[in-house]
Amino acid sequence: MTTSAVSSRDLPHPAREEIRLESVLHALSDPMRLRIVRELAADGDELSCSHFDLPVTKSTTTHHFRVLREAGVIRQIYRGTAKMNGLRRDDLDDLFPGLLDRLLAAADRQAVRLGG
């Protein structure tokens with residue numbers, strides 16, 4: 001990754017040109033990570049990690065956010081003591097036009113079909 005952590009509060013993110021389709025698809029293949037991305041997309045703004053009520057341990061939640069960040073799907077920054085998460089929609093739409101919208105629409109259809 002081009003961007004390296006300067007301190008424990010600076011989180012490494014891949015530069016736009018480093019984001020790979022395989023990494024994005026892998027990150028979105030997990031139901032918990034897809035749920036995080038769906039919530040971020042629905043909200044359209046940054047959300048703190050504590051906003052998400054996932055049925056997994058805190059360490060597993062942290063792992064899911066790290067996978068999404070390292071794949072280039074989300075951007076995480078600290079605002080005070082809160083770690084804020086935002087969808088990297090502009091980067092993803094530029095690199096893979098239509099992919100995110102189609103995946104989110106498919107996830108919504110699946111949720112309706114499965115009653116979730």
Side-chain angles (χ1 to χ4, degrees):
M1 286 183 207
T2 301
T3 308
S4 59
V6 177
S7 74
S8 63
R9 295 185 54 84
D10 290 328
L11 302 165
H13 296 83
R16 178 184 286 203
E17 62 274 5
E18 295 175 318
I19 297 173
R20 309 246 334 160
L21 179 61
E22 303 91 324
S23 298
V24 170
L25 292 175
H26 168 74
L28 296 175
S29 70
D30 181 90
M32 288 299 115
R33 294 192 291 265
L34 185 56
R35 179 173 165 178
I36 291 167
V37 170
R38 288 179 70 207
E39 285 190 46
L40 286 169
D43 188 79
D45 199 8
E46 292 178 342
L47 297 172
S48 68
C49 291
S50 62
H51 166 85
F52 298 89
D53 185 25
L54 302 177
V56 295
T57 64
K58 185 176 179 186
S59 63
T60 300
T61 299
T62 299
H63 166 76
H64 287 312
F65 280 108
R66 183 179 53 80
V67 170
L68 289 166
R69 177 175 41 83
E70 290 178 352
V73 176
I74 65 170
R75 180 166 307 282
Q76 291 187 302
I77 59 168
Y78 281 99
R79 294 210 194 287
T81 59
K83 191 185 295 183
M84 302 301 292
N85 304 279
L87 195 56
R88 290 181 67 175
R89 182 177 279 281
D90 290 347
D91 290 336
L92 296 173
D93 287 347
D94 182 57
L95 293 167
F96 316 111
L99 177 68
L100 188 58
D101 287 334
R102 289 185 182 267
L103 285 170
L104 290 168
D108 289 344
R109 286 191 304 275
Q110 176 175 279
V112 168
R113 183 171 50 89
L114 299 177

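The structure presented is a predicted model; accordingly, all values stated were derived computationally and were not measured. Hydrogens, waters and symmetry mates play no part in the numbers below; they use all other heavy atoms, side chains included.
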Residues passing the salt bridge (Lys or Arg N to Asp or Glu O under 4.0 Å) test with Asp94, sequence neighbours excluded, are Arg16

When rounded to the nearest 0.5 Å, the distance separating CD1 of Ile74 from CG of Asp91 is 13.0 Å

CD of Glu70 to NE2 of His26, rounded to nearest 0.5 Å, is 10.0 Å

**Asked** Under a 4.5 Å cut-off applied to non-hydrogen side-chain atoms, are Arg66 and Leu11 in contact?
**Response** no

Report task. Could you walk me through whether Val73 and Val37 pass the side chain to side chain contact (heavy atoms under 4.5 Å, CB included) test, one step at a time? Result -> CA-CA 8 Å; Val73 176; Val37 170; 3.7 Å; yes

Report whether Leu54 and Leu87 are members of the same hydrophobic cluster (ILVMFWY, side-chain heavy atoms less than 4.5 Å apart, transitive linking).
yes

CZ of Phe65 to CE of Met32, rounded to nearest 0.5 Å, is 11.5 Å

Practice problem: Please tell me if the side chains of Glu18 and His13 come closer than 4.5 Å, counting only heavy atoms from C-beta onward. | Solution: no

Which of Lys58, Gln76, His64, Met84 passes side chain to side chain contact (heavy atoms under 4.5 Å, CB included) with Cys49? It is Gln76

Looking only at heavy atoms, the pair that brings Leu34 and Ala107 closest together is CD2-CB, 3.8 Å

Separation between CG (Leu92) and CG (Leu21), nearest 0.5 Å, reads 10.0 Å

>> Membership question, hydrophobic clusters at under 4.5 Å side-chain separation (ILVMFWY): are Ile19 and Leu103 in the same one?
In response: yes

Here the pair of heavy atoms bringing Lys83 nearest to Tyr78 is CE-OH, 3.3 Å

| task | Before giving the answer on salt bridge (charged side-chain N to carboxylate O under 4.0 Å, His left out), spell out for Arg35 and Asp53 the whole-Å C-alpha distance, their side-chain angles and the decisive distance to 0.1 Å. | result | CA-CA 10 Å; Arg35 179 173 165 178; Asp53 185 25; 5.6 Å; no

When every non-hydrogen atom of Pro14 is compared with those of Arg88, the smallest separation belongs to O-NH1, 2.9 Å

Taken in chain and number order and not counting sequence neighbours, the residues that satisfy salt bridge (Lys or Arg N to Asp or Glu O under 4.0 Å) with Arg79 are Glu46

By side chain to side chain donor-acceptor pair (under 3.5 Å), Ser50 pairs with (sequence neighbours left out) Ser48

Distance col, row Leu68:CG vs Ser23:OG, nearest 0.5 angstrom, shows 11.5 Å

*Sub-4.5 Å side-chain heavy-atom contact between Leu47 and Ile36*: no

Would you say that Asn85 contacts Leu40 through its side chain, given a criterion of any heavy-atom pair below 4.5 Å between the two side chains?
yes

Handout entry: Criterion side chain to side chain contact (heavy atoms under 4.5 Å, CB included) on Leu95 and Val24, from CA distance to verdict
Key = CA-CA 11 Å; Leu95 293 167; Val24 170; over 6 Å; no

| request: Check whether any side-chain N or O of Arg38 sits under 3.5 Å from a backbone N or O of Leu104 as a donor-acceptor pair, and report yes or no. | output: no

